[in-house]
Amino acid sequence: MRNQTSFLEFLLLGLSDTPEQQQFFFRLFLGMYLIGTLGNLLTILAIGFDSRLHAPMYFFLSNLSFLDLCFTSTTVPKMLMNYLLGSNVISHPECLAQMYFINAFGASDSILLSVMAYDRYLAVCHPLHYGTVMTSQLCALLVTVPWVSAHLIAMVHSIFIHHLSFCTNNKIPHFFCDINTLIKISCSDTHIHEMLVLFLGGPVVLIPFICIVVSYTPIASAVWKVPSASGKWKAFSTCGSHLSVVTLFYGTVIGVYFNPTSTHTSQKDMIATVMYTVVTPTLNPFIYSLRNNDLKGALGKLLGLKYFSKRQLL
């Protein structure tokens with residue numbers, strides 16, 4: 001038998017080891033986290049309190065906001081705490097739990113984006129049948145499937161990673177417990193784990209991305225037929241914003257997990273990972289919410305009611 005060491009904790013090396021850069025990253029990620037958290041929370045509250053927004057599109061959007069909130073909260077607070085305390089230690093159970101929730105929320109996010117694209121396809125291309133097709137039962141199913149399937153996939157990954165051995169290296173060159181990084185530093189035979197990442201992760205990323213492209217193609221065609229130039233520009237602007245964020249999300253995920261290993265470096269992987277774990281969840285509330293007049297009105301009403309209630313108490 002090989003001489004193996006079972007580590008009780010790992011060391012997250014983070015984005016930088018110099019104090020000046022760590023201070024910069026602390027301020028940057030703290031600001032992004034607070035902005036993203038506030039934006040997603042306000043979106044959820046506005047949709048929840050305004051009965052006019054109790055429609056399938058906003059139901060999916062509120063679920064996306066909740067997922068984004070959970071997604072960033074899985075990684076960023078731990079990183080900020082490490083920078084603040086000057087410690088980069090994460091226990092073995094905490095590392096596995098973090099990896100589990102990153103995989104679960106990331107996969108749910110991916111599938112839900114394709115559900116939202118399908119919802120827009122029905123609303124734009126088949127408006128007369130939209131109400132009969134997109135029932136409350138179907139909406140609940142389309143949200144439940146991403147959650148259940150994503151957590152099952154994350155559970156399988158966690159079970160397999162739990163049985164890996166780490167002989168001499170417990171240093172993770174990342175700011176969170178990434179499944180690929182854990183596989184790389186393990187001294188076990190990881191061929192099955194690498195195949196599992198492709199076998200389970202591939203469909204979760206590639207199929208939703210293809211569905212989004214297929215859904216937006218007839219949407220673009222329908223928008224092109226809009227007679228009003230201003231209406232056409234507004235619709236293309238909205239669709240373009242959605243597709244930009246979607247492309248950023250899927251492009252960086254594919255670059256990290258499905259590119260040849262020879263093309264990877266720790267620095268490139270971390271930059272790409274920041275894009276889909278922090279940047280896109282921060283942008284989503286602004287792209288999907290602030291470009292929607294109904295939601296902007298609900299947000300204004302929500303904030304106005306809060307301000308009014310405070311004035312009443314004074």
Side-chain angles (χ1 to χ4, degrees), residues 5-40 68-103 105-106 109 161 164-187 190 197 245 248-249 251-284 286:
T5 302
S6 178
F7 290 105
L8 298 178
E9 60 188 22
F10 294 98
L11 301 178
L12 294 171
L13 300 185
L15 297 169
S16 174
D17 57 356
T18 61
E20 294 80 8
Q21 290 183 347
Q22 287 182 354
Q23 290 180 7
F24 168 76
F25 285 128
F26 177 82
R27 296 190 184 99
L28 176 65
F29 283 96
L30 177 61
M32 292 179 67
Y33 180 68
L34 291 177
I35 292 170
T37 299
L38 180 62
N40 284 307
D68 286 339
L69 186 61
C70 295
F71 199 21
T72 54
S73 298
T74 306
T75 58
V76 177
K78 177 61 178 177
M79 178 178 60
L80 295 177
M81 187 179 297
N82 287 349
Y83 284 149
L84 190 63
L85 301 178
S87 171
N88 57 356
V89 175
I90 184 170
S91 67
H92 188 274
E94 187 180 2
C95 185
L96 289 178
Q98 188 184 58
M99 187 200 71
Y100 172 87
F101 285 112
I102 289 168
N103 290 330
F105 294 136
D109 218 333
I161 295 296
L164 289 181
S165 299
F166 300 90
C167 305
T168 58
N169 186 10
N170 68 334
K171 295 180 179 179
I172 301 175
H174 221 303
F175 64 94
F176 67 88
C177 290
D178 176 61
I179 184 171
N180 273 358
T181 309
L182 289 171
I183 290 173
K184 288 177 184 176
I185 67 173
S186 172
C187 59
T190 59
V197 170
V245 177
L248 180 63
F249 177 81
T252 50
V253 170
I254 291 170
V256 171
Y257 293 101
F258 304 107
N259 266 357
T261 309
S262 57
T263 64
H264 288 225
T265 64
S266 297
Q267 198 67 24
K268 287 182 180 178
D269 284 354
M270 276 194 286
I271 293 172
T273 305
V274 167
M275 292 299 172
Y276 76 82
T277 59
V278 182
V279 175
T280 53
T282 302
L283 290 176
N284 279 340
F286 300 95

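Just so it is clear, the values below take in all heavy atoms, side chains as well, and ignore hydrogens, waters and symmetry mates.
Scanning both residues, Ser186 and Ser165, for their nearest heavy atoms gives OG-O, 2.8 Å. Leu12 and Cys177 get closest at one heavy-atom pair: CD2-N, 4.1 Å. Between Met270 and Gly14, the shortest heavy-atom distance links the atoms SD-O, 3.4 Å. The two residues Asn170 and Glu9 come nearest to each other via the heavy atoms ND2-O, 3.2 Å. Closest approach of His174 to Thr181, counting heavy atoms only: CD2-OG1, 3.6 Å.
With contacts defined as side-chain heavy-atom distances shorter than 4.5 Å, the pair Leu248/Tyr276 does not qualify. The shortest side-chain heavy-atom distance between Ile102 and Phe71 falls under the 4.5 Å cut-off. In this structure, Leu38 and Leu34 have side chains that are not in contact, with every pair of non-hydrogen atoms separated by 4.5 Å or more. Counting heavy atoms from C-beta outward, Lys171 and Ile185 have side chains that stay 4.5 Å or more apart. Using a 4.5 Å heavy-atom threshold, the side chains of Ile172 and Leu11 count as separate. Taking 4.5 Å as the limit, some side-chain heavy atom of Val197 sits within range of a side-chain heavy atom of Ile183.
Thr273 pairs with exactly one of Val278, Leu15, Val256 by the side-chain contact (heavy atoms from CB on, under 4.5 Å) rule, that one being Val256.
In this structure, the side chain of Asn40 engages the main chain of Gly36 through a donor-acceptor pair within 3.5 Å. Judged by distance alone, the side chain of Thr72 and the main-chain N or O of Leu69 form a donor-acceptor pair under 3.5 Å.
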The test is side chain to side chain contact (heavy atoms under 4.5 Å, CB included); show your working for Met99 and Leu182 and say whether it passes. CA-CA 10 Å; Met99 187 200 71; Leu182 289 171; 3.9 Å; yes
Test side chain to side chain contact (heavy atoms under 4.5 Å, CB included) applied to Phe175 and Thr277, step by step: CA-CA 11 Å; Phe175 64 94; Thr277 59; 3.9 Å; yes
Show, in sequence, the C-alpha distance, side-chain angles and deciding distance for Thr252 and Tyr257, and conclude whether the side chain to side chain contact (heavy atoms under 4.5 Å, CB included) test is met. CA-CA 9 Å; Thr252 50; Tyr257 293 101; over 6 Å; no
Evaluate Asn82 against Asn88 for side-chain hydrogen bond (donor to acceptor under 3.5 Å, both in side chains), listing each step before the verdict. CA-CA 5 Å; Asn82 287 349; Asn88 57 356; over 6 Å; no
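Interatomic distance, CZ of Phe176 versus CE of Met79, reported as 10.0 Å (0.5 Å rounding). One finds the CD atom of Gln98 at 13.0 Å from the CD1 atom of Ile179 (value rounded to the nearest 0.5 Å).
Here the two rings, on Phe166 and Phe10, have centers that are under 6.0 Å apart.
Evaluation of the side chain to side chain contact (heavy atoms under 4.5 Å, CB included) rule for Leu84 yields Phe26 as partners, not counting sequence neighbours. Take Cys70 and apply the disulfide (SG to SG under 2.5 Å) test, not counting sequence neighbours, and it matches no residue.
Note on ring orientation: taking the six-membered ring where Trp is involved, the planes of Phe29 and Phe25 are tilted (angle from 30° to 60°).
Annotation: side-chain hydrogen bond (donor to acceptor under 3.5 Å, both in side chains) contacts involving residues 18-33, sequence neighbours excluded, comprise Ser16-Thr18, Ser16-Gln21, Thr18-Gln21, Tyr33-Ser73.
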